[in-house]
Amino acid sequence: MRLPDGLQFVAVIAEIVIVVIFLLGLLGGLVDREVEISYIVTGDEPTANLYVETPNGSEEHERQPLPFKVTYKFQKDEFVKISAGNFMADKPGTITCTIVADGKVVHQASSTGENVRASCGGRAGSGKPVPGATIPQLTTPAHP
């Protein structure tokens, strides 16, 4: 069945619009799948032992200077985790881990005492902002 010339033109334009909408949706879905995750660790000791889940596996850092911050791009729903401990301190201290996803604090945990650990984790892009939580200042505390 052959459409009249005017309708053929409209049909071709409609097909082009449908393809463009499909491609934009596909590209939008790919862009929305990436989440910027920042791990932040602060504490009142000069260093901490860290376990960090990265997009390429995990890393361990002994005696990492504090404050610590690193940022990665994760795919949505990938596992994210940071764990920090003040095991080398000979006195009680406080350590705090924070996960920031696309600029919003989505997990924060603190621990106080001797030989303590704070852990934060979840799935990239699935955490809700923590009410009242702020991104920690990355200034180095004074140490005696």
Side-chain angles (χ1 to χ4, degrees), residues 3 6-144:
L3 296 173
L7 286 179
Q8 280 184 341
F9 176 74
V10 170
V12 168
I13 295 298
E15 288 178 16
I16 291 171
V17 168
I18 290 170
V19 168
V20 168
I21 290 171
F22 173 77
L23 290 175
L24 287 175
L26 182 63
L27 291 175
L30 292 175
V31 170
D32 291 341
R33 295 178 60 141
E34 208 170 59
V35 181
E36 183 177 271
I37 298 291
S38 293
Y39 296 128
I40 301 171
V41 177
T42 57
D44 53 12
E45 292 296 322
T47 63
N49 290 343
L50 305 179
Y51 169 88
V52 180
E53 195 67 39
T54 75
N56 300 317
S58 61
E59 298 176 357
E60 291 188 46
H61 303 274
E62 287 188 22
R63 298 184 186 270
Q64 178 68 45
L66 296 181
F68 171 83
K69 179 182 180 183
V70 65
T71 300
Y72 299 102
K73 295 275 188 180
F74 282 88
Q75 293 299 308
K76 187 171 177 163
D77 293 325
E78 276 188 292
F79 182 67
V80 296
K81 180 179 181 178
I82 186 161
S83 181
N86 67 352
F87 303 120
M88 57 286 216
D90 58 356
K91 61 186 186 315
T94 298
I95 195 153
T96 301
C97 64
T98 303
I99 296 179
V100 178
D102 291 334
K104 295 183 176 80
V105 174
V106 295
H107 199 236
Q108 196 167 56
S110 290
S111 191
T112 301
E114 289 185 37
N115 297 317
V116 293
R117 176 178 298 278
S119 294
C120 295
R123 297 281 176 189
S126 66
K128 303 282 185 239
V130 176
T134 59
I135 297 172
Q137 295 297 315
L138 296 178
T139 55
T140 305
H143 297 286

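Computed from a predicted model, the values in this text were never measured in an experiment.
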Student: Minimum heavy-atom separation for Gly93 to Val116, with atom names?
Tutor: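 In terms of heavy atoms, the two residues are closest at O-CG2, 4.2 Å.
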Student: Please confirm whether the backbone N or O of Gly85 pairs with a side-chain atom of Asn49, one donor and one acceptor, at under 3.5 Å?
Tutor: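 Checked: no pair found.
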Student: Gly113 and Asn86: which non-hydrogen atoms are nearest, and at how many Å?
Tutor: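 Looking at all heavy atoms of both residues, the shortest contact is O-ND2, 3.6 Å.
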Student: Any chance you could measure Thr71, atom OG1, to Ile40, atom CD1, to the nearest 0.5 Å?
Tutor: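 Separation between the atoms: 7.5 Å.
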Student: Flag the pair Arg63 / Pro46 as yes when at least one side-chain heavy-atom distance between them is below 4.5 Å, and no otherwise.
Tutor: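 Counting from C-beta outward, Arg63 and Pro46 never come under 4.5 Å.
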Student: To the nearest 0.5 Å, what is the distance between OG1 (Thr98) and CD1 (Ile135)?
Tutor: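 So the OG1 of Thr98 and the CD1 of Ile135 are separated by 9.0 Å.
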Student: Testing Lys81, His107, Lys104 for side-chain contact (heavy atoms from CB on, under 4.5 Å) with Ile99, which one passes?
Tutor: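 Result for side-chain contact (heavy atoms from CB on, under 4.5 Å) with Ile99: His107.
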Student: Provide the closest heavy-atom pair for Val106 versus Gly127 in the form atom of the first, atom of the second, distance.
Tutor: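 Taking Val106 first and Gly127 second, the nearest heavy atoms are CG1-O, 3.6 Å.
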Student: Evaluate side chain to side chain contact (heavy atoms under 4.5 Å, CB included) for Asp102 paired with Val35, printing each intermediate quantity in order.
Tutor: CA-CA 6 Å; Asp102 291 334; Val35 181; 3.8 Å; yes
Student: Please work out whether the ring planes of His61 and Phe68 are parallel, tilted or perpendicular, with thresholds of 30° and 60°.
Tutor: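 Tilted: the ring planes of His61 and Phe68 meet at 30° to 60°.
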Student: Tell me, do Thr47 and Leu66 make a side-chain contact under 4.5 Å, heavy atoms counted?
Tutor: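 The answer is no; the side chains never approach within 4.5 Å.
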Student: Under 3.5 Å, is there a donor-acceptor pair between the side chain of Tyr39 and the main chain of Val80?
Tutor: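 Flag not set: sc Tyr39 to bb Val80 has no pair under 3.5 Å.
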Student: Which residues pass the side chain to side chain donor-acceptor pair (under 3.5 Å) test with Thr94, sequence neighbours left out?
Tutor: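 Thr112.
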Student: Can you name the closest pair of heavy atoms from Ala48 and Ile95 and give their distance?
Tutor: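 Reported closest heavy-atom pair: CB-CD1, 3.5 Å.
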Student: Do you know which two heavy atoms are closest between Gln75 and Ala124, and how far apart they sit?
Tutor: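 Between these two residues, the closest heavy atoms are O-CB, 3.6 Å.
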Student: CD1/Ile82 to OG/Ser58 distance, rounded to the nearest 0.5 angstrom?
Tutor: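 Reported to 0.5 Å precision, the distance equals 12.0 Å.
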Student: Give, for atom CD of Glu34 and atom NZ of Lys76, the distance between the pair rounded to the nearest 0.5 Å.
Tutor: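 Taking CD in Glu34 and NZ in Lys76, the distance rounds to 13.0 Å.
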Student: Step by step, would you call Val100 with Ile37 a side chain to side chain contact (heavy atoms under 4.5 Å, CB included)?
Tutor: CA-CA 6 Å; Val100 178; Ile37 298 291; over 6 Å; no
Student: Do Glu59 and Thr54 get their side chains close enough for a donor-acceptor pair, meaning under 3.5 Å?
Tutor: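 Glu59 vs Thr54: no donor-acceptor pair found between side chains.
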Student: So, for Pro136 and Thr42, which heavy atoms are closest and what is the spacing to 0.1 Å?
Tutor: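 Reported closest heavy-atom pair: CB-CG2, 3.9 Å.
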Student: Is the closest side-chain heavy-atom distance between Gln108 and Cys97 below 4.5 Å?
Tutor: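 No. Closest side-chain heavy atoms not under 4.5 Å.
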Student: Once you round to the nearest 0.5 Å, how far does CG of Asp77 lie from OG of Ser126?
Tutor: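 Going from CG on Asp77 over to OG on Ser126, the span is 6.0 Å.
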Student: Supply the atom-to-atom distance Glu36 CD to Phe74 CZ, rounded to the nearest 0.5 angstrom.
Tutor: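 It comes to 11.5 Å.
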